[in-house]
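Okay, so here's the structure we're looking at.
Protein chains get the first letters and strands the later ones, always in sequence-line order, with residue 1 at the start of each. Just the heavy atoms: all of them, side chains too, but no hydrogens, waters or symmetry mates, feed the values below.
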Number of protein chains: 2
Amino acid sequence: MSEPALDGLIDALRRLPGVGVKSAQRMAFHLLQHDRGGAQRLAAALTHALQDMRHCSRCHTFTESQVCATCLDPRRDARLLCVVETPADQAALERSGSYQGLYFVLMGRLSPLDGVGVGDIGAARLLERAGDGVVEEVILATGFSAEGEVTAHALGTALRGLGLKVTRLARGVPAGSELEYVDLSTIAHAMGDRR
Amino acid sequence: MSEPALDGLIDALRRLPGVGVKSAQRMAFHLLQHDRGGAQRLAAALTHALQDMRHCSRCHTFTESQVCATCLDPRRDARLLCVVETPADQAALERSGSYQGLYFVLMGRLSPLDGVGVGDIGAARLLERAGDGVVEEVILATGFSAEGEVTAHALGTALRGLGLKVTRLARGVPAGSELEYVDLSTIAHAMGDRR
């Protein structure tokens with residue numbers, strides 16, 4: 001059973017992150033057997049997104065305009081710049097309703113083992129953006145994984161060199177958790193940063 | 001952050017089996033940021049597969065021809081017909097090298113809870129195919145899940161009604177396993193079918 005059109009589809013689906021050969025097969029069979037409309041829609045959505053999505057020239061997130069709606073919003077506090085790894089992280093912060101400043105989206109994080117260096121996460125663009133004379137504080141909201149911490153450390157050093165105030169999201173016990181189920185490193189940080 | 005082209009891509013990816021909103025976001029960001037070539041290839045592969053893939057008129061598997069290569073192979077034993085749920089199951093049997101007959105691919109299995117009835121898995125087409133006067137034995141190789149068993153039972157009853165010999169793959173202890181790690185129902189079946 002070697003069918004080039006089917007094998008090509010399975011190969012293309014395998015390139016998606018988190019999709020192995022079994023999932024790719026299942027997806028291809030599902031689309032061809034049960035959801036040809038979905039397959040058509042996915043092909044069109046891919047083409048449309050490739051054509052229309054570009055990076056915001058200010059915050060680097062994905063947008064269909066030159067500058068994204070958030071960066072253009074005059075109600076935003078332009079003195080605050082929050083650095084996040086991905087648009088999904090930005091969306092999570094927005095949903096929290098706790099932040100009124102602007103953003104810079106790295107579209108990644110430092111990961112020396114995977115060959116992702118400072119140049120690959122737009123650090124130079126961030127320094128240029130943060131040094132616009134309006135930004136006063138940069139909030140580093142990269143993740144608290146090892147890679148997120150390394151990214152925050154490297155960017156923090158460079159940003160402090162520009163004379164900016166640099167902060168990091170607080171670490172602590174998540175809302176709604178029982179202490180006994182919280183990992184020890186989180187408890188230690190929460191104790192150290194108690195207020 | 002509401003960007004129609006991006007949201008459309010995320011929605012289309014969510015329709016893939018096993019993909020939730022978080023995975024769909026991650027896939028969309030990955031494609032746009034790191035693998036635009038992969039996105040282009042996926043769009044082309046989808047269009048290509050939708051255009052070219054049809055069902056084999058004999059075994060119902062996916063093929064680009066009227067009749068698939070397996071069904072056309074004169075070295076195959078046309079007296080044996082093996083019924084499988086998916087092309088992936090067929091491929092697994094082929095890799096095992098243990099079968100030289102022909103196939104019928106259901107492209108599914110009975111699942112009354114999901115509204116998948118006998119009509120949805122091509123049972124009428126199977127009965128027509130199996131009743132061609134050449135087939136002598138039908139091997140039901142649907143899975144040993146509850147749904148696979150129900151499918152085998154329903155198809156077996158109908159096929160026996162045509163006067164055909166109907167068999168099922170043997171159940172037993174998987175090759176290379178230690179008995180202590182095999183589940184009890186498998187051991188019970190292996191004991192009952194001992195030879």
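- A continuous path of hydrophobic side-chain contacts links B/Leu81 to B/Leu162 [ILVMFWY only; heavy atoms under 4.5 Å].
- Annotation for B/His34: atom NE2 counts as buried by contact number, over 12 foreign heavy atoms lying within 6.0 Å.
- Between chain B and the residues A/Pro4, A/Cys68, A/Ala69, the most heavy-atom pairs under 4.5 angstrom are made by A/Pro4.
- Panel note: side chain A/Glu3, backbone B/Thr63; no donor-acceptor pair is recorded below 3.5 Å.
- Scanning both residues, B/Pro87 and A/Phe29, for their nearest heavy atoms gives CB-CZ, 3.5 Å.
- When the heavy atoms of residues 37-58 of chain B are compared with those of chain A, the residues falling under 4.5 Å are B/Gly37, B/Gly38, B/Ala39, B/Gln40, B/Arg41, B/Leu42, B/Ala43, B/Ala45, B/Leu46, B/Thr47, B/His48, B/Ala49, B/Leu50, B/Asp52, B/Met53, B/His55, listed by number.
- Residue-level contacts of residues 12-28 of chain B with chain A, in order of numbering, are B/Ala12, B/Leu13, B/Arg15, B/Leu16, B/Pro17, B/Gly18, B/Val19, B/Gln25, B/Arg26, B/Met27; threshold 4.5 Å between heavy atoms.
- Heavy atoms only, all atoms of each residue included: A/Gln33 and B/Phe62 are closest at OE1-CZ, 3.6 Å.
- Between chain B and the residues A/Ser65, A/Ala5, A/Gly8, the largest count of heavy-atom pairs under 4.5 Å involves A/Ala5.
- The number of heavy atoms from other shown groups lying within 6.0 Å of CZ (B/Arg36) is above 12.
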